[in-house]
A.B. asks: 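Supplied in C-alpha cells, the structure appears directly below.
Proteins come first, then strands; the chains are lettered A, B, ... in the order of their sequence lines, and each starts at number 1.
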Amino acid sequence: PGDTSVLAGLYGPAEAKLSKELPDRAALEVLLRPKVGLPGVMERSREQLLRQTCEAVVLGVLHPRTAITLVLQVLSDAGSLLSCCLNAACMVLLDAGLPLATLFCGITCALQPDGAILLDPTARQEQEARAVLTFAISSSERKVLMATTKGSCSVEEMQQCLAAAQRAADTIFQFYRDSVHRRYSK
Amino acid sequence: LSICFRTVEPLEYYRRFLKENCRPDGRELGEFRTTTVNIGNSAPGSITTADGSALVKLGNTTVICGVKAELAAPAVDSSNKGYIVPNVELPSLCAERFRSGPPGEEAQAASQFIADVIENSQMIVKEDLCIANGKLAWVLYCDIICLDYDGNLLDASVFALLAALKNVQLPSVTINEETGLSEVNLKQKTPLIIRKHPVATSFAIFDDTLLIVDPTAEEEDLATGTVTIVTDEEGRLCSVHKPGGSPLTGAKLQDCITRAITRHKEVKKLIDKVIKSITPK
C-alpha cells in the first residue's frame with residue numbers, strides 16, 4: 001500500500017536437493033532481498049516469519065519431496081514493509097495455483113503516543129509511534145497466523161489493534177478477489 | 001512397548017497424554033520446568049573474564065550469557081547513545097541439528113529477537129551508556145551461547161541476558177582534559193542501570209487448539225506453531241512473537257498473555273532472590 005512495493009516470485013513445486021528434501025511434505029524456502037545491501041540478520045528473521053506463516057497455509061503434504069522457493073525483492077520501502085511482503089507472498093501463492101488451506105493478509109498497526117490506532121502507517125508514522133504491531137490474519141474465521149510487535153504496549157491496546165486489523169482484513173481480501181477476477185476474466 | 005510407540009508414532013503418543021491434560025515428563029500443560037540461575041563471577045559455571053555473566057537452566061536447556069563492556073566512539077547521528085550488541089550462538093555441541101559454520105537461520109532470528117526485546121522494553125536506555133557526548137560511550141557485547149538445547153531457547157536466552165546484565169559492573173571512566181585520553185578506573189565500579197525487566201514466556205500450539213507452556217525440543221518438533229510473549233513488570237507487552245504456525249483466535253492469545261504475566265512474577269522473584277544472595281561481597 002502507498003509507496004512500499006515488493007516484487008514476489010515463486011518457483012515450485014520443483015525437485016529438491018537431497019539435503020533439503022523432506023520425505024512427507026514440500027520444503028518451503030523464503031528469500032528476502034533488501035533494496036540496498038546484502039541480506040542481514042533482520043532479513044533472516046523476517047524470512048523465518050514469512051516461511052513459517054506460509055508453511056502453515058500451504059498444503060505441503062500434497063507435494064512431498066519437492067522444494068518451493070519464494071523470492072521477495074524490496075523495490076521501495078515507505079513503511080509497513082512486513083505486511084506488504086505478506087500480501088505479496090499470499091498473492092504469489094494464489095497466482096501459482098498452489099494448494100492453500102486458507103488465504104492470509106498482512107496488516108500493520110501503529111500505536112501513536114496519544115493512543116490512536118493507525119493502520120498501514122508510513123515510515124514517518126512508524127518512527128513516531130509508540131508501538132508498531134504487524135499481524136497476518138487468515139481468511140477463515142479471521143484468526144491470527146502471525147504476530148510481531150515493535151515497542152511496548154498494554155494488553156488492551158494490543159487487543160484493540162488486533163480487532164482493528166481483523167476488520168481491515170476484509171478490505172484486503174476483497175482486493176485479492178478483485179485482482180484475481182481481473183486476471184482471469186480476459 | 002511405550003518406547004517403540006513413542007518412536008514410531010510420536011504425535012499419537014503425545015495426543016494420548018494431552019487428552020489427559022498432562023505431558024510425558026509428568027508436567028501439567030501450564031507448568032514450567034525447574035528453572036535455576038547462577039549469576040556472578042564467583043559462582044560455579046560463570047565466566048570470570050566477562051564483566052557480567054549468568055548461567056540459566058530451564059530443565060535441560062542450558063544457556064550462558066557473558067557481557068563484555070568496551071569503549072567506543074558513538075555514532076555521528078546519535079552522539080549521546082552507546083551500543084548494545086546481542087549475539088546468540090547455537091554451536092553444534094548443543095544439539096545434533098546444528099552444524100558448525102556460519103550462524104544458521106535460527107541463531108540469527110534469535111539474535112534479532114533479543115535485540116528487539118532490548119529495544120522494545122527499553123531495558124537499557126542507550127543514553128545511560130554514554131560517557132562523554134560525542135566522544136566516548138560504552139559498547140556492551142552480549143554473547144548468549146546455548147550449551148544444551150532442549151526446547152524453549154528464547155525464554156532461557158532472555159532470562160540469561162537479564163541476569164547477566166544485572167551482574168555487570170561498569171568501571172568509572174574519566175577523560176583527562178589535557179591529553180584527551182580516557183582513564184579507566186577499575187577500582188571504582190557502578191552497576192548498570194536496568195530500567196525494565198522483560199521476561200519471555202513461550203508456548204507451543206498443538207492441533208490448533210491446545211497450548212502448552214515451556215515446550216521441550218521434542219514437543220517443539222511436534223507442535224504446529226509457537227508463540228512467545230515478552231512482558232515487563234507493569235504488565236505491558238514488550239513483544240508478541242508468533243512466527244506463523246496454526247492460526248489462533250484473539251481469546252487464545254489473551255490466555256497466553258495472562259499466563260505470561262503470572263510467569264513474569266515468578267521469574268522476578270527468582271532473580272531478586274539470587275541477586276540478594278550474592279550482593280554482600
A.B. asks: Heavy atom to heavy atom, less than 4.5 Å: which residues from residues 84-92 of chain B reach chain A?
C.D. replies: none

A.B. asks: Evaluate whether atom CD of A:Q174 has more than 12 neighbouring non-hydrogen atoms of other residues, nucleotides or ligands under 6.0 angstrom away.
C.D. replies: yes

A.B. asks: What's the spacing between B:K242 NZ and A:T53 OG1 if we round to 0.5 Å?
C.D. replies: 7.5 Å

A.B. asks: At what distance, to the nearest 0.5 angstrom, does NZ of A:K143 lie from CG of B:L253?
C.D. replies: 12.5 Å

A.B. asks: Non-hydrogen atoms of chain B under 4.5 Å away: do they reach the side chain of A:R51, the backbone, both or neither?
C.D. replies: side chain

A.B. asks: Quick one: list whatever passes side chain to side chain donor-acceptor pair (under 3.5 Å) with A:E21, sequence neighbours left out.
C.D. replies: none

A.B. asks: Can you tell me if A:R142 has over 12 outside heavy atoms packed within less than 6.0 Å of its CZ?
C.D. replies: yes

A.B. asks: Grab the two heavy atoms, one from A:L49 and one from B:H241, that are nearest each other, plus how far apart they are.
C.D. replies: CD2-CE1, 4.1 Å

A.B. asks: Do you know which of A:C153, A:S138, A:A136, A:A101 has the most heavy-atom pairs with chain B at a distance under 4.5 angstrom?
C.D. replies: A:C153

A.B. asks: With a sphere of 6.0 Å drawn around OH of B:Y141, does it hold more than 12 non-hydrogen atoms of other residues, nucleotides or ligands?
C.D. replies: no

A.B. asks: Considering all heavy atoms of both residues, which atom of A:S45 and which atom of B:A109 are nearest to each other, and what is their separation?
C.D. replies: CB-CA, 3.9 Å

A.B. asks: Counting only heavy atoms not in B:E233, do more than 12 sit closer than 6.0 Å to its CD atom?
C.D. replies: yes

A.B. asks: Name the region of B:S121, side chain, backbone, both or neither, that has any atom closer than 4.5 Å to a heavy atom of chain A.
C.D. replies: neither

A.B. asks: How long is the span from the CG atom in B:L237 to the CD atom in A:E157, to the nearest 0.5 Å?
C.D. replies: 9.0 Å

A.B. asks: Side chain, backbone, both or neither: which part of A:Q159 has a non-hydrogen atom closer than 4.5 Å to chain B?
C.D. replies: side chain

A.B. asks: Just how far is it from atom CD of B:Q108 to atom CD of A:E43, taken to the nearest 0.5 Å?
C.D. replies: 10.0 Å

A.B. asks: Return the minimal non-hydrogen interatomic distance between A:T149 and B:V240, and the atom names on each side.
C.D. replies: OG1-N, 2.8 Å

A.B. asks: Tell me whether the count of non-hydrogen atoms from other residues, nucleotides or ligands lying under 6.0 Å of NZ in B:K81 goes above 12.
C.D. replies: no

A.B. asks: Against chain A, label B:Q112 side chain, backbone, both or neither, depending on which of its atoms sit under 4.5 Å from a heavy atom there.
C.D. replies: both

A.B. asks: Nearest 0.5 angstrom please: A:R130 CZ to B:R236 CZ, how far?
C.D. replies: 5.5 Å

A.B. asks: For the atom pair CD (B:Q254) and CE (A:M158), what is the distance rounded to the nearest 0.5 Å?
C.D. replies: 7.0 Å

A.B. asks: Is the NZ atom of B:K166 crowded by more than 12 outside heavy atoms at less than 6.0 Å?
C.D. replies: yes

